[in-house]
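All values below were derived from every heavy atom in this structure, side-chain atoms included, with hydrogens, water molecules and symmetry-related copies excluded. Order of the sequence lines fixes the chain letters, A, B, ..., with proteins taken first and strands second; residue numbering starts at 1 for each chain. None of the values given here were measured: they were computed from a predicted structure.
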Amino acid sequence: MVEDRRLTDAELDRLDERVWTDAPDEARVDFEDAVAFHESLPAHKQFADVLEGADGVLTQPRAGVARLEEQIELLRTLTEEGGADLLPTTIDSYTRDNEYEKAQAGLEQSRETGESELNGFPAVNHGVEGCRSLIEAVDAPVQVRHGTPDARLLAAVTLAGGFQSFEGGPITYNLPYTSKYELAETIEYWQYVDRLCGAYTERGVRINREPFGPLTGTLVPPSIAIAICIVEGLLAATQGVRSVTLGYGQVGNIVQDVAAIRAMERLGPEYLPDAVTVTTVFHQWMGGFPRDEARASGVIALGSATAAIVEPDKIITKSPQEARGVPTAEANATGLRTTDQVLQMLAEQSIDLEGVDREQELIERSVRSLLEAVFEAGDGDVACGVVRAFERGLLDVPFPPSEAAAGDALPARDDDGRVRLLKFGDLAVDEETKEIHRARLEDRAATEDRSPSFRMVADDVSAISDGRLVGRPGDD
Amino acid sequence: MVEDRRLTDAELDRLDERVWTDAPDEARVDFEDAVAFHESLPAHKQFADVLEGADGVLTQPRAGVARLEEQIELLRTLTEEGGADLLPTTIDSYTRDNEYEKAQAGLEQSRETGESELNGFPAVNHGVEGCRSLIEAVDAPVQVRHGTPDARLLAAVTLAGGFQSFEGGPITYNLPYTSKYELAETIEYWQYVDRLCGAYTERGVRINREPFGPLTGTLVPPSIAIAICIVEGLLAATQGVRSVTLGYGQVGNIVQDVAAIRAMERLGPEYLPDAVTVTTVFHQWMGGFPRDEARASGVIALGSATAAIVEPDKIITKSPQEARGVPTAEANATGLRTTDQVLQMLAEQSIDLEGVDREQELIERSVRSLLEAVFEAGDGDVACGVVRAFERGLLDVPFPPSEAAAGDALPARDDDGRVRLLKFGDLAVDEETKEIHRARLEDRAATEDRSPSFRMVADDVSAISDGRLVGRPGDD
Amino acid sequence: MSGTSVVVGTIGSDAHVVGITLLEHALKEAGFEVRNLGAQTPKEAFAEAAVETDASAVLVSSLYGHAEQDCEGLHEAFAERGADPTTYIGGNLAVGQSEFEEVRRRFREMGFDGVFSADADFEDVVEALRAEFGIDESASQLARARS
Amino acid sequence: MSGTSVVVGTIGSDAHVVGITLLEHALKEAGFEVRNLGAQTPKEAFAEAAVETDASAVLVSSLYGHAEQDCEGLHEAFAERGADPTTYIGGNLAVGQSEFEEVRRRFREMGFDGVFSADADFEDVVEALRAEFGIDESASQLARARS
Ligand code: B12
Ligand code: B12
């Protein structure tokens with residue numbers, strides 16, 4: 001059984017050696033050389049420091065295209081036209097599947113056609129040198145954003161290549177992104193990733209790690225997102241990571257979203273070791289977007305307003321073209337500017353919402369109970385506890401493509417638009433909490449004169465395209 | 001001196017006769033015939049009923065072009081592509097200046113070029129028949145929106161032409177819109193307009209009247225806007241108007257905006273006679289807009305979120321092209337859809353902000369004090385009181401193009417972005433209130449390490465273009 | 001009409017399952033028998049499931065932008081196994097903002113009987129299948145009532 | 001440099017005065033002597049004020065879309081009175097979304113020495129006037145300090 005134990009230096013070295021053999025045409029990169037590259041970067045490109053030292057909410061888009069020059073230009077557009085504070089490099093799907101040959105083919109095809117034939121940047125194929133050119137060419141800290149269950153080689157290449165923040169984790173980049181991996185497997189892979197980050201950290205290069213809180217992006221109850229992020233934070237901390245950003249995706253109810261970020265801000269430092277600096281990231285709406293750009297701008301602005309109220313350390317922005325496909329650089333910058341406008345206009349205002357405390361209380365209670373279940377299931381070992389908790393459905397996520405999660409937890413919105421659970425499966429929350437969820441959903445059922453059912457869930461998922469948060473019967 | 005006294009039927013008749021003689025090529029229209037036209041309209045085109053009976057916030061854009069067919073198409077686009085609940089017809093500037101010949105020339109030129117050579121719809125030149133064709137061709141209630149100090153003929157033509165709501169008033173369409181009229185003059189003109197609305201009302205055609213609350217659109221303190229709207233409501237009520245919509249323009253601080261609408265909702269019915277049904281309208285940002293459409297969408301969405309929280313009866317929307325000029329129909333519909341998305345997503349949420357009560361208290365106290373000053377100045381006669389109050393600066397507006405207002409009241413934002421008064425001139429508010437304003441602005445001055453001055457005001461006016469609400473030194 | 005069997009799934013490496021999860025429920029509610037293959041389904045698995053369930057229709061979902069590559073050989077896989085179901089594809093069918101009509105043409109050429117944009121909602125899909133198999137709504141309501 | 005006298009105002013029927021109100025203050029702060037004619041100023045009044053104040057520059061503002069019509073004959077009115085100030089126009093100079101370069105060309109032809117879009121901020125205007133009259137910043141700071 002997998003264990004939550006720090007890999008020894010010897011283990012790291014052995015694993016590292018093996019990981020690099022998968023690199024298409026690259027020899028294992030000298031660690032000292034990589035550290036030296038990081039040290040050569042100016043202060044304003046040091047990811048963890050910039051993020052942790054900022055006041056105000058930093059903005060960061062998602063963006064990745066196939067070719068290096070094109071990626072550089074894309075990132076420049078996002079800082080120059082969008083004012084992005086932090087930069088992303090989103091990795092293509094083939095790389096996420098570790099299909100480096102297909103990625104190579106796509107890259108070459110892109111070079112021929114001059115268009116991006118991949119949905120992201122194939123960092124492994126660009127290699128360490130390619131990554132370093134990118135990092136040098138742009139003027140802000142850059143993070144790897146991907147969705148790769150087995151991200152060992154990607155981490156080895158990109159960290160040696162000068163990236164200082166690495167998104168994902170063994171749960172959050174497994175369950176929502178793939179059907180092909182056991183949790184025990186991805187935990188092992190990510191122990192290597194985290195240990196590598198830890199090794200850099202020990203050398204003074206504090207690599208930032210960011211669990212992907214939004215999960216499947218669709219009606220994810222805050223407590224589930226937070227509990228899973230904290231678990232991933234704990235696993236990372238074991239391997240020596242010292243900068244962790246807990247993530248959460250907007251559900252659209254302002255009070256619930258504010259309460260969730262607050263809960264994360266309180267519980268993160270409480271559960272993670274003192275040596276870890278905890279920050280938070282709020283993702284603008286991660287579910288299906290309205291196709292109409294005017295409506296999409298409304299969704300983007302609402303997420304920005306929520307962020308302005310609760311002030312997470314950063315916000316991940318969407319573009320008004322989200323529903324259509326990978327956005328153009330201009331559309332991406334548009335989303336950033338709409339976000340910035342709302343953030344800045346609200347920046348000076350102190351806005352306190354009634355009812356946040358109560359919702360926060362409810363979230364925190366569930367998070368604690370879910371974490372307790374993990375600790376217990378593993379007899380104190382988090383890694384083992386995670387595997388067992390998911391096996392038994394004590395932890396679960398809605399709409400998982402993966403069989404590693406039970407997928408029995410079925411969420412729906414209450415009358416106020418807050419995400420509640422219609423079915424808990426075996427989720428480890430106490431009866432009192434369940435009762436609250438049930439009561440809220442019965443209120444909604446009464447309002448709509450129908451019984452709580454999957455139909456409600458389907459209506460809620462589609463509601464946003466009709467311009468609404470709660471999917472009422474007869475809306476379309 | 002002008003008096004707040006209902007015009008007799010005989011007076012109305014005599015005035016009406018005279019007003020119609022200015023009509024370019026039109027004979028005075030038979031009142032019975034006009035009433036019959038209104039009665040022929042279906043329920044969903046009855047403005048006052050639709051507005052007063054709605055639940056949820058109704059959306060209404062501004063829109064006017066020169067030619068009739070083009071105006072019909074424009075309004076159809078706004079309902080079909082924008083989902084507008086209430087329709088506008090914005091009148092061109094020449095008509096507002098009573099320059100019907102110039103308007104005619106512009107109209108003819110527009111017919112030749114096929115483009116709109118006027119910045120609005122020249123309703124007087126289109127005449128009663130033109131107006132009726134418009135009303136018949138569209139599928140929602142339509143309001144005349146203009147800015148005409150002497151709107152007597154415009155009212156006569158458009159009301160006979162089937163419009164059921166008429167924006168403006170003797171103060172709100174004088175002070176911000178022109179430098180050429182005394183208040184006593186415009187009060188007289190609007191007594192005719194209101195009496196005409198009253199005459200329709202007595203025949204069962206409840207014409208809705210809407211004071212233009214945003215005034216100069218720029219840093220207008222809520223109490224001033226509300227006091228002036230209530231005064232206009234009182235003057236209208238005297239003449240028999242029974243449906244009054246009090247207006248207010250977003251200042252951008254959510255708490256202050258919510259407090260202002262609440263104050264209006266409380267004080268309106270308190271001061272206006274019971275026979276009057278009072279509704280409220282919230283205008284999205286009326287000051288200078290950012291030129292960038294992405295940023296403009298943020299401003300629009302923020303206004304929509306504010307409206308969703310406080311739920312006025314309607315919201316006047318802006319387009320992302322606001323800073324550039326008269327928007328295309330598509331851009332106008334875009335603004336409506338962004339607005340709708342935010343309104344709908346927040347519609348089910350109950351959002352209560354802390355601090356609203358205190359701000360509302362402050363606003364209400366000032367409104368009462370301003371109204372008291374008007375009543376006193378006129379020895380109980382509102383019409384006369386208004387004239388005197390403005391003469392003495394007891395009532396005032398910022399940035400008036402007109403000399404009928406002292407223009408001594410100088411507003412600036414406090415640290416939280418709320419609009420306060422830097423200079424009161426002779427404004428009739430008590431010492432305690434002044435002290436609060438002063439203290440808040442001194443806090444800001446301390447934050448910025450400069451003394452409160454006109455420079456602050458200028459910075460605040462320009463701030464929005466730099467994406468901010470409060471103009472801090474060194475921002476640009 | 002019980003017996004109209006339908007297979008759904010996302011193809012290739014695509015893991016977007018929210019659409020097919022809801023589609024599965026909508027089709028079941030409409031009276032169809034549904035086999036949901038879930039995420040990241042290889043084309044062969046679609047063909048095998050079609051044979052196993054004697055499927056009248058196979059509904060392929062793809063959101064992530066590689067539909068064209070992933071579907072290459074899908075119809076050949078059906079043919080190899082002697083299956084000839086009606087095939088639909090839906091979701092987000094192209095990287096970037098290319099025109100949908102062009103996309104539809106390409107997928108038609110590949111052998112799909114129906115090509116749906118992401119604007120298609122559940123009712124459209126149910127309607128299309130009903131039309132395809134001459135099922136009227138009352139019949140399916142009956143089936144649903146019985147199930 | 002005290003003595004560089006400037007006239008500002010909005011022309012025609014235009015009542016948008018926020019811009020010129022702030023412009024007045026910015027120019028005063030920069031050391032100019034400013035006569036603000038306010039809203040809805042007839043072209044003749046601009047010419048008269050230019051003569052009266054012996055203005056070096058006249059700044060015409062127009063926001064509401066009729067600048068072209070309103071400015072017809074303005075330069076002739078100056079000429080009639082023997083005045084020849086530098087003339088600038090700024091604000092929102094066209095109904096609709098027409099191209100600014102085209103607009104600039106038209107107003108240049110009408111005789112304006114400077115044509116500013118609404119993007120121009122106060123500093124741009126002050127800068128332009130300083131360049132025009134060879135005033136350097138320190139001189140004007142001095143003037144301001146003295147005033
Ligand atoms: C506030 C406002 C109003 C207020 C004005 C209050 C007042 N008395 O000042 C009210 C509500 C009363 C109003 C009325 C109208 N308005 Co108005 N208004 C605006 C708005 C929102 C902001 C203008 C503003 O104050 N900006 C802030 C100041 C600081 O900026 P500025 O004036 O542009 O000045 C800057 C520069 O341009 C420069 N500048 C200005 N003048 C000059 C001159 C020179 C020589 C130089 C060098 C520089 C310079 O200096 C400033 C530096 O930043 C604009 C749209 C926008 N810009 O966002 C519409 C706008 C100007 N209005 C418009 C219209 C149509 C009207 C009305 C005709 C119709 C209506 N909607 O009611 C009436 C006209 C009344 C009349 N007779 O003039 C249109 C004009 C259409 C066009 N040009 O194509 C606009 C663009 C709105 C729109 N999109 O439709 N308006
Ligand atoms: C939620 C989401 C995710 C979740 C998915 C969770 C899960 N396991 O399901 C997460 C966050 C994990 C994710 C990951 C990725 N995503 Co994603 N994701 C989305 C998003 C926001 C919503 C999708 C959704 O659930 N919609 C709601 C459902 C109900 O709608 P639907 O699936 O379209 O289905 C409807 C119709 O299309 C129809 N339908 C669907 N299938 C079929 C089939 C047939 C036959 C028929 C008739 C009808 C039909 O039925 C539904 C009725 O309304 C979309 C953008 C959007 N649409 O707004 C991007 C989007 C699809 N994702 C995208 C990308 C690139 C990715 C990633 C590759 C990269 C990344 N950003 O991390 C990874 C891919 C991982 C993988 N291996 O597949 C891109 C695809 C680019 C393209 N096609 O050009 C999109 C468009 C976002 C964007 N603008 O960049 N994503």
Side-chain angles (χ1 to χ4, degrees), chain A residues 81-83 252-256 285 290 292-302 304-306 308-309 320 330-331 333-356 413-418 444 447 463-464 466-470 472 475, chain B residues 81-83 252-256 285 290 292-302 304-306 308-309 320 330-331 333-356 413-418 444 447 463-464 466-470 472 475:
Chain A
E81 306 291 315
N253 176 286
I254 297 188
V255 170
Q256 192 172 34
W285 190 264
D292 171 41
E293 296 194 11
R295 294 191 172 277
S297 296
V299 176
I300 288 169
L302 191 57
S304 312
T306 308
I309 293 172
E330 287 66 35
T334 292
L336 278 160
R337 293 202 302 276
T338 299
T339 301
D340 182 67
Q341 183 74 27
V342 174
L343 283 179
Q344 298 305 321
M345 283 182 73
L346 293 177
E348 338 253 358
Q349 305 182 32
S350 49
I351 299 173
D352 292 306
L353 301 169
E354 271 167 44
V356 166
R413 292 187 186 277
D414 69 15
D415 255 342
D416 208 45
R418 301 186 197 181
R444 169 172 173 191
T447 306
I464 193 86
D466 309 324
R468 319 188 52 117
L469 195 60
V470 184
R472 305 291 190 187
D475 264 355
Chain B
E81 306 291 316
N253 175 287
I254 298 188
V255 169
Q256 193 173 33
W285 190 265
D292 171 42
E293 297 194 11
R295 294 192 173 277
S297 296
V299 177
I300 288 170
L302 192 58
S304 311
T306 307
I309 293 171
E330 287 66 36
T334 292
L336 279 160
R337 293 201 303 276
T338 299
T339 301
D340 182 67
Q341 183 74 26
V342 174
L343 283 179
Q344 297 305 321
M345 283 182 73
L346 293 177
E348 337 254 358
Q349 304 182 32
S350 48
I351 299 172
D352 292 306
L353 300 170
E354 271 167 44
V356 166
R413 292 186 186 277
D414 68 15
D415 255 342
D416 207 46
R418 302 185 197 182
R444 170 172 172 191
T447 306
I464 194 86
D466 309 326
R468 317 188 54 116
L469 195 60
V470 184
R472 305 290 190 187
D475 264 356

Under the side-chain hydrogen bond (donor to acceptor under 3.5 Å, both in side chains) rule, collect the residues that match up with A:Asp414, sequence neighbours excluded.
A:Arg420
Counting heavy-atom pairs closer than 4.5 Å to chain A, which one of B:Ser350, B:Ala347, B:Ser304 comes out on top?
B:Ser350
Among B:Leu346, B:Asp292, B:Val342, residue most engaged with chain A (heavy-atom pairs, under 4.5 Å):
B:Asp292
To check you understand the geometry: which heavy-atom pair defines the closest contact between B:Gln256 and B:Asn253, and what is its length?
N-OD1, 2.8 Å
Heavy atoms, side chains only, cut-off 4.5 Å: are B:Thr334 and B:Glu293 in contact?
no
Between A:Ile464 and B:Gln341, is any pair of side-chain heavy atoms under 4.5 Å apart?
yes
With chain A, which of B:Thr338, B:Asp416, B:Val299, B:Ile351 has the greatest number of heavy-atom pairs at distances under 4.5 Å?
B:Asp416
Top residue by heavy-atom pair count (under 4.5 Å) with chain A, among B:Gln344, B:Arg413, B:Arg295, B:Met345?
B:Arg295
Select one option (side chain, backbone, both, neither) describing which atoms of B:Leu353 are under 4.5 Å from chain A's heavy atoms.
both
So which residue, A:Gly298, A:Ala301, A:Gly417, ends up with the most heavy-atom pairs under 4.5 Å with chain B?
A:Gly298
My understanding is that only residues two or more places apart in sequence, or in another chain, count here; which of them pass side-chain hydrogen bond (donor to acceptor under 3.5 Å, both in side chains) with B:Glu348?
A:Arg468, A:Arg472
So what's closer than 4.5 Å to chain A heavy atoms on B:Pro290: side chain, backbone, both or neither?
side chain
Toward chain A, the part of B:Leu343 with a non-hydrogen atom under 4.5 Å
neither
Any side-chain heavy atom of B:Val255 sitting closer than 4.5 Å to one from B:Arg418?
yes
Side chain, backbone, both or neither: which part of B:Asp340 has an atom under 4.5 Å from a heavy atom of chain A?
both
Nearest heavy-atom approach of B:Ala296 to B:Pro320 is CB-O, 3.5 Å
Let me know if B:Leu302 has heavy atoms under 4.5 Å from chain A in its side chain, its backbone, both or neither.
side chain
